[in-house]
Amino acid sequence: MSLLEQLNDVQQDAVKNTDGPSMIIAGAGSGKTRVLTYKIAYLLEKGVDPFNIMALTFTNKAAREMKARIEQLVSSTEARNVWMGTFHSIFARILRIEAEKLGFPSNFTIYDTDDSKSIIKKILKELQLDDKIYKPKQILGRISSAKNNLISHIDYNNNPELTQVDKDSGKGQLGQIYTIYQERLRKSSAMDFDDLLFNTNVLLRDHPDVLIKYQRRFKYFLVDEYQDTNHSQYLIVKRLAAQTENLTVVGDDAQSIYAFRGANIQNILNMNKDYSDLKTFKLEQNYRSTQNIVGIANAIIRNNKKQIKKTIWTDNQMGEKIRLSSTSTDNEEGSNVARTIFEVKHNERANDSEFAILYRTNAQSRAMEESLRRMNIRYKIYGGLSFYSRKEIKDLLAYLRLVINKNDSEALLRVINYPKRGIGQTSIDKLRLEADRLNISLWSLIENLENSNILAKSTSIRIIEFVNMIKSFQLDLKTKNAYDLASAVAKGSGIYSTMYNSRDDDEGVMRFENMEELLSGIKEFSEEESGEVDAPEIRTLEEFMQDIALHTDADDKDKDDGEYVTLMTIHAAKGLEFPYVFIVGMEENLFPSMLALNSRVELEEERRLFYVALTRGEKRVFLSYSESRYKWGNLQYSEPSRFLSELEPKFIDDQTADLIMSEETSKTTAKKVNKSTTKGKTPLPKTKATPKTTKSTPENLTPINRESRGVSDNQANSIKVGMEVFHDRFGRGKVETIEGEGKNKKATVKFKNNTSKVLLLQFAKLRILKQ
DNA sequence: GTATTATCTAAGTCT
DNA sequence: TAGATAATAC
């Protein structure tokens, strides 16, 4: 069969093993997606009905691309009938079909994190709890992890262990908050992200008829990125696949980076306990990266204790060694990266789209952005403040949400007085209190406001006008297409003209344009083919809004598949690959994150994250760190990441290797610096604090091309306490102590500016000045 | 009820 | 730094 010819032996075995449970442990770059794609194609060629296949992917974009590829492979459009998508979107779809079984309307709203947070804040206010103790984010985290482990608010409150933990941390009322939170969601006919999975479990658990229906419908299950599934997802798959056990999971424990949101690596490790006849396939050949990249990644991951044994290897070329660079400020790091991209582009005739800049936190994008702009390099930032989380977009979406689901109180509160229509906070508070007392949704209350006199007449009239406006939109839900209705809402609500009139500055223009962009997106949707054969039906607003909350900009159709450098967090880069990868901000307390330093488990997750970052690279990988960085508007000094000292030198570009130091550094300097920047109310003037900052003139940016004047390995051994030495970056210094043996031999050197650094002698090319 | 100003606090990763 | 919220004036 021609399909199989394009695969290696193990890949073929994995693909041909269609029936029964199987697990594919797929190392980075080993053709995991390929195997999944081909397996589905193979199933289709064998005559399996696409309607019987469910494939769960990590992003919707991945699903879309996979579908397109399968269509090519089997040269048929049959593939579009495979149910393929993320857990959240697939099960949201099923939940809408079965909603009434759970007491939800099928047009329930999906609340995003902002909605959830705002509910929590309101509850805290009502219970008069201090939001410094009850931090909304933490509370949500706790509720989320409860849900991911299928602990309902009732279970939670009945579980003495959980409630004791809360009491001990001074948050005894957390369980109560959880309960009220769930009541609010239900009253709003809304589910949060975790509810989508939780409620799917409830559905399949409590409604055997539904379970059987979907078990009959789906006969083959494929799950990608299985290492990042949580308990809730695990159970859904287990329940659905119980009938046929035709389950293929694909994953790599070394790339598990979502434990923080409940991913449970045990799901992979315990597969053979759940399925005694499990077949395991290990894909260990890397087709993506050079030997240098594979080598360095292997060396890094080796430092983790917990992992499935496997040897990733490659037949690819050696390639260039990994380059390190350091700069004194984060802005310089940016211009250094931009300049390197510029050079590589010309020297190796690469396109912008072949480059990716990866970072640990979204906040780091800014320094990169500015430098790229200065160098006229086109770029695109993924994540961060996404399109859908902009205020103006949320405002319009809130109207649309309210029209679709009138019980959506979060949406209602957002727009009831926007644009201003004279309904102030006091009135709104009264309404909320009253709705709560009567135990009805806000909408039910204001819909019948005539009969109540809790508000002044004039205010009541304004509210009734608002209600009537929304009602008039609702009338058109089934008859108008998404775009016609949405633009009617934008104009009728006054939001359009408000935005139009606020274009007096750049921000205002942006806002207006964003709103226009949303509308034109809806227009495009309305005009799209519905996919169904000769379906003359219109595409409604309800359809458009269905999974808008699940939409991320990584999912965006690459409309302008133009040339640009990609900027994203390492998390977002999972599953992607680029010829040239820059990993920036390799600093202690940033990567690994300060918050991960407390436990081995979290530190290992950071290391896996680094592993993921490294293995995105095909041809070359560049690492960099900065000696200082702005955080909260303050300049903070930083030390090189401990991960740099784990890099194996033979894969590192010699001329840059001396930038590696061990994680330990002078405590005296660190303290001194902290004092002057954080304690003193007057932070150091910027010019003074960053003496080395220069206006991105390439000459003095990085030491990348600096001539190497280091001593040889043997000479490193001859360095003794008391010697005066010279370091390319730090200058003259005196050796204070020496510790460690061989590879780990390091010296504490006190330099002339009174900073002492701990240097790994194998990297730090010290010249001996005086014996 | 609304507009303006002052003060606070946050940035860890994501569906 | 910047956005979110509280305090204040109108």
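As the structure is a prediction and not an experimental result, all values here were calculated from the model. Heavy atoms only: backbone and side chains are in, while hydrogens, waters and symmetry mates are out.
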Looking at the side chain of [X], which of [options] is the nearest nucleotide?
| X | options | result |
| --- | --- | --- |
| A363(A) | dC14(B), dG1(B), dA11(B) | dA11(B) |
| T569(A) | dA2(C), dG1(B), dT13(B) | dT13(B) |
| H88(A) | dA11(B), dT15(B), dC14(B) | dT15(B) |
| T459(A) | dT15(B), dG1(B), dG12(B) | dG1(B) |
| K121(A) | dT5(C), dC14(B), dA2(C) | dT5(C) |

Can you measure [X] atom [atom1] to [N] atom [atom2] for me and round it to whole angstrom units?
| X | N | atom1 | atom2 | answer |
| --- | --- | --- | --- | --- |
| Y359(A) | dT13(B) | OH | C1' | 12 Å |
| N362(A) | dG12(B) | CG | P | 11 Å |
| Y630(A) | dA2(C) | OH | P | 13 Å |
| R360(A) | dC14(B) | CZ | P | 9 Å |
| R390(A) | dA2(C) | CZ | P | 15 Å |
| N589(A) | dG12(B) | CG | P | 11 Å |
| Q636(A) | dT1(C) | CD | P | 15 Å |
| Q425(A) | dT2(B) | CD | P | 10 Å |

Taking only the side-chain nitrogens and oxygens of [X], find out if one of them lies under 4.0 Å from OP1 or OP2 of [N].
| X | N | answer |
| --- | --- | --- |
| S427(A) | dG1(B) | yes |
| K132(A) | dT9(B) | yes |
| T426(A) | dG1(B) | yes |

L400(A) and I548(A), any side-chain heavy atoms less than 4.5 Å apart = no
Do N417(A) and Q425(A) have side chains that get closer than 4.5 Å, going by heavy atoms?
-> no
Please confirm whether the backbone N or O of I301(A) pairs with a side-chain atom of Q307(A), one donor and one acceptor, at under 3.5 Å?
-> yes
Kindly write out the residues that satisfy side chain to side chain donor-acceptor pair (under 3.5 Å) with N149(A), not counting sequence neighbours, or none if the list is empty.
-> none
Straight-line distance of L358(A) CG to M568(A) CE, nearest 0.5 Å = 7.5 Å
If you look at every strand shown and take non-hydrogen atoms under 4.0 Å, does K117(A) touch a base, only sugar-phosphate, or nothing?
-> nothing
Sorted by position of nearest nucleotide on DNA chain B, 5' first, the leading residue of G424(A) and Y258(A) is G424(A)
The residue, K135(A) or D194(A), whose nearest nucleotide of DNA chain B is more 5′ is K135(A)
Could you tell me whether the side-chain ring of W632(A) sits stacked on the base of dT1(C), using a centroid cut-off under 5.5 Å and a plane angle under 30°?
-> no
Donor-acceptor pair present, E606(A) side chain and dG12(B) base, under 3.5 Å = yes
Should the heavy atoms of other residues, nucleotides or ligands under 6.0 Å from CZ of R366(A) be counted, would the total exceed 12?
-> no
Please say which of R414(A), R390(A), K394(A) ends up in a salt bridge (Lys or Arg N to Asp or Glu O under 4.0 Å) with D114(A).
-> K394(A)
Does a donor on one side chain and an acceptor on the other come within less than 3.5 Å for D547(A) and S89(A)?
-> no
Which parts of residues 413-420 of chain A get close to DNA chain B, meaning a heavy atom less than 4.0 angstrom away?
-> N417(A), K420(A)
